[in-house]
Each structure stands twice: as C-alpha cells, then as structure tokens.
Amino acid sequence: MQVESWIPSSSYILKLIRAAGGSLGNGNKKLKLARVSAAVLSPLGNPSRASHLFSLPVSIKTLTPESSFPFVSSVFGRRNMASSVLSDCSLPAPARLLPFQRSVQSRTSQFQRSVSFAWRPLSLSAIRSTASPHWSLSASASVAVTTETSAKVIDGKAVAKQIKDEIAGEIVRMKDGIGIVPGLAVILVGSRKDSQTYVRNKKKACEAVGIKSYEANLPEDSTEEEVLKHIACFNDDPSVHGILVQLPLPRHMNEEKILNAIGLEKDVDGFHPLNIGRLSMQGRDPLFVPCTPKGCMELLHRYGVEIKGKRAVVIGRSNIVGMPAALLLQKANATISMVHSYTKNPVEITRQADIIISAAGVANLVRGSWIKPGAVVIDVGINPVDDAQSPRGYRLVGDVCYEEACKVASAITPVPGGVGPMTIAMLLSNTLSSAKRIHDFKVHVHSFS
Ligand SMILES: Nc1nc(=O)c2c([nH]1)NC[C@@H]1CN(c3ccc(C(=O)N[C@@H](CCC(=O)O)C(=O)O)cc3)C=[N+]21
C-alpha cells in the first residue's frame, strides 16, 4: 500500500476510534463518557467515507486540504492526509477502554529489567562526543525506578537548542576560515496557513544560527514549470547550499517531478529518490538524511538509547518520515517492523517493540496498552485538536496518548517540544554540511554535522 493512496476505510476509522478509547455504539452510558470527536480529512474534499460516520453518534468534521484547520497530519503529506482526531486520553477515565492493569509490584520489576537496556544510566560515553557539559548534566538524571513509574521526558527542544548552538559556532568558524556563509532556499507554493508558519519558523531558525535564507513565494495557481524554473535558479546559485520545497504542494502539481529537480547535492530535505535509495542499501550513504527521522535518531543517540539488536516498530510509512525512519533504524542494526493501516494486529506488534517511532498522524492512536513496559517512545505526530482554552483555538497532540504512555515507557518525546524542534535543527545541520561539502571545508571533530 502506498501511503499516498491511503484513505482509511470507515471500518478502520471505527477501529481507531475504539482503540483510542472512543465508544460509538449502543449504550448511551458509554457514549456520554466517550465524548468522541473525530475529524476525517478527505483528500478529495469528498466526505464519502466520512459520511458513514455521520450516522454514528460522534461529531465529525470533514476537512479538505484547503481547510483552515492547520497542521493536519503533517507526517502524511498531502493526498494521503487522513486524520482522526479522537477522544483525548486526558478525558475522564471511563473513556479509556484499555487501562493498564498490572500490580504495582510487577510493573516495577518489569521496569527494572527494561531500564537496563534503555539507559546505560547515561554515562557520558553513552552520549555523543558533541554533548556539552550543560547537556550531560540534564541527560544524566537517570530514570526513576520507583513504584510510581514515570517516563523520562526526551526534551527535543533542549537538544535542538544545543545543536543549533553547535551549528552557530561552526558557521562562525566557516565564515572566519573561508568567508562562506551557508544559504538555504525555501520555495513555498500557495498560502496554506500551516505551511506559511513552518516557513516563517525555518527562516527565523536560519537567522538565529547565521544561515542566509532565500525565499520564493509562488501563488497557488502557479504552474509546475514556474516552480521548476525557481529550482533551476537555486540549483545554479552558488550562494544557495540547500533547497527545500515546502510540502504539501498544490494538488495540480506533480510532487515527484518537482522534488526530482532539486540538485542532489542541495537536497537538504533528503527526499530525492537517490538519497532515499542509498539509505536503503548496505554500504551506501545518502548525501542527506530526511530531517524528521534524522531528528528521531539523534534524540535516541543523545539519550543513550541502544538501538543495535533491539526491536523497533515504526507506525506509518510515509516517504518523509515512516519509511526513512525504518531504514535508519535498520541501518543502526535494529530489527524493524512497520505497522500501517492494513496491519491486522497493530497492538500486538507494537507491544513487542523496545523502540517505537510513531508517525501515523492520528491523535492518541497509541495507547498505554500498545507499549511494552520500559520501551522508548518517539512521537512524531503533530495533530491539532480543538481547544477553546488555547489562544489558537486548538492545541497540538501527538500520535501517542502521552498520559498513559508516561506510565509504561521508560522515555518519551512530548508534543510539542519533542521531534518538531529537532526537524528544524536537522534542516540547519543538513544545510551546514552541504555548504561544507560544496566548499570542501573540513568537518570539525566536535561539530554536529
Ligand atoms: N519540504 C518539507 N520539509 C519538511 O520538513 C516539512 C514540510 N515540507 N512540510 C511540513 C512538515 C512539518 N514539519 C514540521 C517542522 C517543525 C515542527 C515544529 O517545530 N513543531 C513544534 C510546535 C510548533 C507549534 O507549536 O506550532 C513542536 O513540535 O514543538 C513541526 C512540523 C516539517 N515539515
């Protein structure tokens, strides 16, 4: 199955809703408690599948890619965006149909066993040589193994900040050494609010570390040729070391054709098929690794999580996250399984994992019961759920029911503040290493990139 073509069947959506603790059927009592709110994004703006749900007692929103609802399933990209915003696992307990029922005693002992794998209690050697004293301090707090277990929070924001500081230092070194400043060009087509926000954030991040940013904003109705012309221009521009075409592109454009036009040596997103192809081959290395999966791996490394020989499950198989994440994990010698919309027993498979990377784009899909005690959980999902309390009218939640997962996992990334900031840090890192490669500037021993 191609993720691009994935529109979940209504039965799958129902399964997800149930898995997330929602209740859809008979029994008013259950219903009252479940307060399920589901949003189904129809890639064609056609609510046909969603309409099955209208007959059910859940509140459904049908979204189109043009909808003002931001950030829908960024992990899936455009045509494939199908997101169920399900009952929040912070809702009253009865909505959680899959509680963890284990005695405190046994849970503790299981933790002690698993912690020994996840945390070589973070000795300095477990952390990459780039770790600053500041960092090692925060990372060295080991996981509390108490009766009231709570996962260590993998602080993506702090790691990203540290990486950005390292990058800024390297950029000064490069500028002083050879008078070159790395440049990143971002092409944005159309006026999606979420894309505009992402592009703005990338620009700010570039400025903060000393990368020069270039921007091409094209109207929604631009032709493919116009986009290709801009790419050709940036390909030829020696001050540009990285080119990023913000996804998703408008529907009338051929994403593959456009991404293929980016010069391989400037493909800082790592989406070029040759880069992805090399990622999948033994003994080959891509010029660039896609930013989000690279950020996930960096978090695992910096928190001293051993990958070799471990069982890893990746949920979702998009071109930009799930697939490259699985390829990276297997390159790091994990045994990987991929869970997707056709997987018959996702809970059973996910529960075997020592490391879970979830990139499904479905809010609260992964419940506590999906997680093996002591597993490390990386949550890539950035799903908006309505929240009247929030100034934006929504808040972001991950694919993982954080509250439940905290009690089972040994470490977990929060949303926001987990993988998201790492994606941007990796983009800066890829841009810096591109500039270094193009200008043959020596990689600093301690530099990040
Ligand atoms: N060519 C291309 N490359 C991408 O890498 C790419 C893309 N297109 N299209 C959209 C997705 C999404 N994406 C994110 C980057 C940062 C955050 C991020 O920093 N998130 C913050 C929260 C932001 C907020 O609060 O609004 C966090 O998780 O803490 C999220 C999502 C990159 N993408």
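As the structure lists them, so they are numbered: ligands from 1, and atoms in each ligand from 1. The figures here come from the full heavy-atom set of this structure, side chains too, leaving out hydrogens, waters and symmetry mates.
For the residues Lys202, Met422, Glu255, the heavy atom positioned nearest atom 4 (C) of ligand 1 is part of Lys202. Considering each of Asp269, Leu247, Leu188, Thr413, the one bringing a non-hydrogen atom nearest atom 1 (N) of ligand 1 is Asp269. Of all the listed residues (Gly295, Gly270, Ala425, Gly420), Gly420 holds the heavy atom that lies closest to atom 28 (O) of ligand 1.
Between Glu170 and Arg173 a salt bridge is recorded (basic side-chain N to carboxylate O distance below 4.0 Å). Asp354 and Lys310 are not joined by a salt bridge, as no carboxylate oxygen comes within less than 4.0 angstrom of a charged side-chain nitrogen.
Nearest heavy atoms, Leu247 versus Ser195: O-OG, 4.1 Å. Closest of all the heavy-atom pairs between Gly210 and Val181 is O-CG1, 3.2 Å. Residue Met281 comes nearest to Arg284 through the heavy atom pair CE-NH1, 3.0 Å, listed as atom of the first residue, atom of the second, then distance.
Polar contact check, Arg392 against ligand 1: a nitrogen or oxygen pair lies under 3.5 Å apart. Residue Leu396 places no N or O, backbone or side chain, under 3.5 Å from any N or O of ligand 1. Residue contacts with ligand 1: Gly418 is placed with no nitrogen or oxygen under 3.5 Å of a nitrogen or oxygen of the ligand (distance criterion only). On a distance-only criterion, Tyr198 and ligand 1 share no N/O pair closer than 3.5 Å. For a threshold of 3.5 Å applied to N or O pairs, the pair formed by Thr292 and ligand 1 contains no separation below that value.
Note on ligand 1: Pro421 sits in its first shell, one or more heavy atoms being nearer than 4.0 Å.
In summary, the atoms of ligand 1 found under 4.0 Å from a heavy atom of Val245, numbered by their order in the structure, are 1 (N), 2 (C). When each atom of ligand 1 is checked for a heavy atom of Pro416 under 4.0 Å away, the hits are 22 (C), 27 (C), 28 (O), 29 (O). Near Gly417, meaning under 4.0 Å from one of its heavy atoms, ligand 1 places the atoms 27 (C), 28 (O), 29 (O). The atoms of ligand 1 that sit less than 4.0 Å from any heavy atom of Leu244 are 1 (N).
Note that the CD atom of Glu298 and the CE atom of Met426 stand 5.0 Å from one another [nearest 0.5 Å].
In summary, the side chains of Gln162 and Arg302 do present a donor paired with an acceptor at a separation below 3.5 Å, with no hydrogens or angles considered.
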Legend entry - Test log, rule side chain to side chain contact (heavy atoms under 4.5 Å, CB included), inputs Ile320 and Thr292: CA-CA 8 Å; Ile320 66 173; Thr292 303; over 6 Å; no
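Here the side chains of Pro248 and Arg192 are in contact, with some heavy-atom distance below 4.5 Å.
Neither the backbone nor the side chain of Thr197 has any atom closer than 4.0 Å to an atom of ligand 1 (non-hydrogen atoms only).
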